[in-house]
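Here the structure comes first, spelled out in structure tokens, and everything after it is commentary.
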Amino acid sequence: MDALKRCMSNIIFSFQSSFLASRKYFTVKCVISVITIVIPLVNMTIWRRILNDITNKMPVKTLLYSITAYLTLELLLRMAGKVNDYILTRYREAMNFYFEKVTLDKTARMELSFFDSSSMADKISRAQSNFWSMEETTWTVFNLVSEMVNVIIAFSIVVSYNVWIAAAAVLFMIPSSIHYNRYIKNLRRSEIAFSEDQRKVEYFQSMFLDEQVHFEMKLNGTGEYFIKYFMALKNKMLSAGTKIDIKYTATKTLFLMLNYCGDILVLLTSIADVIAEKTGIGDLQYHVGIISRLRSQTTSFIEDINRFMIHNERLNDLKDFIDIVPETEKSGTKIPSANPRIEFDNVYFKYPNCDDYVLKGCSFTIHPNEKIGLIGHNGAGKSTIIKLMFRLYDPQSGAVYIDGVDIREYDICALRSIFGVMFQEMIPYSLPLREIIAMPKFDERFDEGKLKNACDISGVSRIILDWPEGFDTVLGRRYVSEGKDLSGGQWQLINYARAWFDEKEYMILDEPSAALDPITEDKIFGELYRLSDSKSLLTVSHRLSNTTLSDKILVISDGQIIEQGSHSQLLGQDGVYAHLFKLQASRYQ
């Protein structure tokens, strides 16, 4: 009963989604389905009458009426077929567009922990690859309704003619249908078993379109290795599919011969009835046509049931993904202040599917308008602290407080909107410069004054000085041949401009100068501290020279804050910070 309920739920889900994708095409498809059920049955009856009238030498006028009706309905059926072909193409596009939008929207709202799990990656991969199952389920249900009506009508007519022929026509099809069911299930099992390999194949395909990977392949000669790896995976998958297809094709041939014997039996019986004058030529044609239709519709009905059950499993993947509710969407309703006090209280945190804690009893406080430097070795937990501040993750124990209130009580979107962020690695979007700098305030992208101010502060104005298109210049050449390619340092300056354009009172800079030259770095940080008197500033950096002007420096090691104080205070303690600073300073002496 649970399986039946889920099946019915998926049918309803399929039709609701198909209707939402396009009300117009859904309605037209329903009308065409009715036409394709009714007209063939009506025309078979008319054709039976035509043949019998010819045999019985009925008046020409009577024949003309029947022939005209037959040809008119046949023309209408063919026109409906052409319309159906057009509708299928347009409807598929509408449904794909609808589900791509739904899935992209769902993925955009997922917390990062979703992407840390390989099982979740498989889930989204299967959901995306099963878009087509939604439309196929819709068509299959349409077909099942049509085929069921046809089977009932055809079987009733054949039974009234000859019960044994009706029984034989159905029985000869059962073995083939059972075999088809097994074939579909084997394909589905193979698809699930190779889902990880399929993702690997897609990954290797994307590698050959990545400019940075191409550079390294040329440099290290790794192209041949990647091609061999790709071909091995592809051959493994193709081999498994080929074995299933060969076995199915061989057995299917035997069942086709069995069905052929059934056709011979029906034909011989019908001819015998005509010779014995039990039926006329028209009746012979009609009965053979009805029996053929019964057999074809029954076969299609059974196969579509099998097909539906497989699509039903795929729909489970798609529906399960769409039904996922991101944990962060369950956030509170409080709105944070623009420049809050942030406190980590004995925070323990580890990433999903990991055994080791990144933060272990981490505690510190950042007061409004403080300039904080956060330093530590790689893997000490610096970037993790920022992710918890954004509530991209929640700690396993302890708490993060915003103005003394648990971070989980705040509206997640409002919380993230208070931060202006500059990360070490900026995504090189292939968009016009003004859109990249204004992101995410796209409605302000034409504010020339704000754009110029952000570019002047960051030094981007010097980069674009000779660009004819100015702020409208597209970066990258993925779809514009005259787009501009930038160095890593130039991308960081644009990242810096974007952070200032946002005009937030709380700035977070994660390794902001990793790709900058010393002169630019010195200028940037001079401007940074000069312009951020009324702002809170958190700087994460390996270069301790960038944090010497901070009000307070936090030193993190093994997931804990082990030292904190101003630059001069920490030097006086002669601890870890003093050692690291002297070590870096010695390289310049």
Side-chain angles (χ1 to χ4, degrees), residues 341-351 354-367 369-389 395 398 400 421-425 488-489 492 495-496 506-530 532 535-589:
R341 177 170 61 88
I342 298 177
E343 179 184 358
F344 275 55
D345 182 18
N346 198 34
V347 170
Y348 283 80
F349 173 77
K350 62 180 179 180
Y351 287 100
C354 294
D355 296 327
D356 298 329
Y357 281 90
V358 180
L359 300 181
K360 308 169 186 177
C362 184
S363 299
F364 63 87
T365 301
I366 302 176
H367 296 282
N369 300 330
E370 269 195 319
K371 312 299 180 289
I372 302 295
L374 180 59
I375 69 168
H377 297 293
N378 289 333
K382 303 186 298 297
S383 295
T384 300
I385 286 175
I386 295 176
K387 291 175 182 177
L388 293 183
M389 288 172 61
V400 179
V421 186
M422 178 179 173
F423 289 116
Q424 174 182 353
E425 295 183 4
Q492 278 203 324
N495 198 6
Y496 186 45
Y506 211 114
M507 298 286 290
I508 296 179
L509 293 84
D510 188 0
E511 295 293 350
S513 61
L516 299 180
D517 61 81
I519 296 176
T520 303
E521 179 183 15
D522 183 68
K523 181 179 183 302
I524 288 294
F525 275 90
E527 288 286 287
L528 179 65
Y529 282 93
R530 184 179 67 81
S532 60
K535 299 178 183 288
S536 292
L537 182 65
L538 173 60
T539 303
V540 179
S541 180
H542 284 101
R543 299 184 186 179
L544 304 192
S545 58
N546 295 337
T547 61
T548 56
L549 297 178
S550 301
D551 299 324
K552 182 166 61 181
I553 297 171
L554 304 175
V555 182
I556 185 170
S557 178
D558 196 26
Q560 295 179 318
I561 301 298
I562 58 173
E563 293 180 3
Q564 56 181 304
S566 66
H567 171 67
S568 59
Q569 289 172 337
L570 292 180
L571 285 181
Q573 292 178 14
D574 199 26
V576 174
Y577 176 82
H579 171 71
L580 292 175
F581 185 82
K582 292 173 183 177
L583 182 63
Q584 288 192 13
S586 66
R587 297 176 181 174
Y588 296 94
Q589 295 175 355

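Because only heavy atoms are used, hydrogens play no part in the values below, and waters and symmetry mates are left out as well, while side chains stay in.
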For Ser536 and His367, work out which heavy atoms get closest and say how close. OG-O, 4.0 Å
Ignoring hydrogens and geometry, is there a side-chain-to-backbone donor-acceptor pair from [X] to [Y] under 3.5 Å?
X      : Y      : answer
Asp551 : Lys371 : yes
Gln560 : Gly361 : no
Thr539 : Gly373 : no

Nearest-0.5 Å distance that lies between atom CD1 in Ile553 and atom CD1 in Ile561: 12.0 Å
Hey, what do you get for CG (Asp574) to NE2 (His579), rounding to the nearest 0.5 Å? 10.5 Å
Check the angle between the aromatic planes of Phe581 and Tyr577 and answer parallel, tilted or perpendicular using the 30° and 60° thresholds. parallel
Phe344 vs Phe364 aromatic rings, parallel, tilted or perpendicular, using cut-offs 30° and 60°? parallel
Is the shortest side-chain heavy-atom distance between Val576 and Ser557 below 4.5 Å? no
Run the side-chain contact (heavy atoms from CB on, under 4.5 Å) check on Leu388 and Leu359 step by step: do they pass? CA-CA 11 Å; Leu388 293 183; Leu359 300 181; 3.5 Å; yes
Verdict with reasoning, Ile372 to Ser550, per side-chain contact (heavy atoms from CB on, under 4.5 Å): CA-CA 5 Å; Ile372 302 295; Ser550 301; 5.9 Å; no
Test side-chain contact (heavy atoms from CB on, under 4.5 Å) applied to Phe349 and Val400, step by step: CA-CA 11 Å; Phe349 173 77; Val400 179; over 6 Å; no
